[in-house]
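Reading through the structure tokens given below for one structure.
These numbers were taken from a predicted model, which means no experiment stands behind them. Values below: every heavy atom of this structure, side chains too, minus hydrogens, waters and symmetry copies. Quick note: residue numbers are just sequence positions, from 1.
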Amino acid sequence: MDIAEDLVQDVFLKILEQNVDLSECKNTESFLYTMLKNKCIDYIKHKLVESSHVQDVADLNYLKASQYALEDESIQFIVDNEMRKILKDAVNSLPPGTREIFVMNKLRGKSHKEIADVLGLTARQIQYQVFKAISILKDRMNYFYIILLICLPLFNVFPNF
């Protein structure tokens, strides 16, 4: 878990250090996913070099299998499906009103003012509900919260959203 968090943090630090403008990216999710995947592959390759000095063959085989799995594009399908399920379950666990506002804002791209007009609330109430939803998701999802921030647009494939 700590290593995964460090790798994600390294990706964001690299983006900040290189002054990458994510708004110019056509597919931000793919860009971030590829950066993180490459960071994971580099980490595993480094561990393989370290493991070459260690006699533990089981660890070496596990690391090689992990490297091949990351380099295999078909694994992305499995990861995407699991991510969608985790994210969908988390959003569905929100209170109904909060969920509706969160979906309208974060998944459908509506502004606070547009949502307020539709629901007959103030923009401040909408802002609070979005903040509340994010806080709940952050508490329930732990480290998957970072993934939520990166992969949120994937929810567009769900018909009930």
Side-chain angles (χ1 to χ4, degrees), residues 1-44 46 66-67 69-161:
M1 181 67 89
D2 292 337
I3 293 169
E5 290 176 358
D6 289 344
L7 292 174
V8 170
Q9 185 175 11
D10 288 347
V11 167
F12 285 111
L13 285 174
K14 188 172 185 176
I15 289 170
L16 290 173
E17 289 172 353
Q18 295 181 356
N19 292 327
V20 175
D21 186 6
L22 293 176
S23 65
E24 294 180 3
C25 285
K26 291 182 181 177
N27 193 338
T28 307
E29 300 84 30
S30 293
F31 175 75
L32 292 171
Y33 177 81
T34 302
M35 284 187 69
L36 183 58
K37 182 177 96 169
N38 290 337
K39 188 61 90 170
C40 291
I41 291 170
D42 291 343
Y43 174 79
I44 290 171
H46 176 73
S66 297
Q67 177 185 355
L70 281 171
E71 289 173 345
D72 182 7
E73 294 298 320
S74 63
I75 195 75
Q76 185 173 352
F77 175 77
I78 296 167
V79 171
D80 286 350
N81 284 340
E82 286 300 312
M83 294 277 289
R84 284 185 183 119
K85 182 182 180 328
I86 291 166
L87 295 174
K88 187 176 179 181
D89 290 347
V91 171
N92 283 334
S93 72
L94 293 171
T98 303
R99 179 178 56 237
E100 179 184 13
I101 290 170
F102 179 80
V103 167
M104 290 173 79
N105 180 248
K106 296 297 183 186
L107 305 181
R108 295 188 184 143
K110 297 202 180 292
S111 70
H112 292 172
K113 183 175 178 354
E114 290 173 322
I115 299 169
D117 291 343
V118 169
L119 298 178
L121 300 170
T122 66
R124 182 76 175 139
Q125 289 171 312
I126 301 302
Q127 181 181 8
Y128 171 76
Q129 290 298 318
V130 170
F131 174 78
K132 178 179 168 184
I134 290 171
S135 295
I136 291 170
L137 291 174
K138 188 175 179 181
D139 288 343
R140 289 193 180 145
M141 296 182 68
N142 297 327
Y143 65 93
F144 284 110
Y145 176 71
I146 294 170
I147 297 169
L148 173 68
L149 295 177
I150 295 170
C151 301
L152 195 57
L154 293 175
F155 274 115
N156 292 335
V157 301
F158 296 118
N160 64 338
F161 286 140

Side chain to side chain contact (heavy atoms under 4.5 Å, CB included) partners of A116, counting only residues at least two apart:
I126
Search all heavy atoms of I115 against all heavy atoms of M104 and return the closest pair with its distance.
CD1-CB, 3.8 Å
Spatial distance of atom OH (Y128) from atom OG1 (T98) [nearest 0.5 Å]:
8.0 Å
In Å and rounded to the nearest 0.5 Å, what is the CG to NZ distance from L32 to K37?
14.0 Å
K106/I134 under side-chain contact (heavy atoms from CB on, under 4.5 Å): CA gap, chis, key distance, verdict:
CA-CA 10 Å; K106 296 297 183 186; I134 290 171; 4.0 Å; yes
So does F131 get a backbone contact from the side chain of S135, meaning a donor-acceptor N/O pair under 3.5 Å?
yes
Does E5 reach the main-chain N or O of D2 with its side chain, forming a donor-acceptor pair under 3.5 Å?
no
Flag side-chain contact, heavy atom, 4.5 Å: Y43 against D6
no
Beyond-backbone contact of E100 with L94, side-chain heavy atoms, under 4.5 angstrom:
no
When rounded to the nearest 0.5 angstrom, what is the spacing between CD in E114 and CG in L119?
11.5 Å
Separation between CZ of R99 and CZ of F102, rounded to the nearest 0.5 Å:
11.5 Å
Got a second to check how far D10's CG is from D42's CG, nearest 0.5 Å?
10.5 Å
Do any pairs count as a salt bridge (charged side-chain N to carboxylate O under 4.0 Å, His left out) and have a residue in residues 117-126, sequence neighbours left out, and if so which ones?
K113-D117
Nearest heavy-atom neighbours spanning K110 and N105
O-ND2, 2.9 Å
Residues two or more places apart in sequence or in another chain: which of them pass side chain to side chain contact (heavy atoms under 4.5 Å, CB included) with F31?
I15, V20, L22, C25, M35
To the nearest 0.5 Å, what is the distance between NZ on K132 and CD on Q127?
15.0 Å
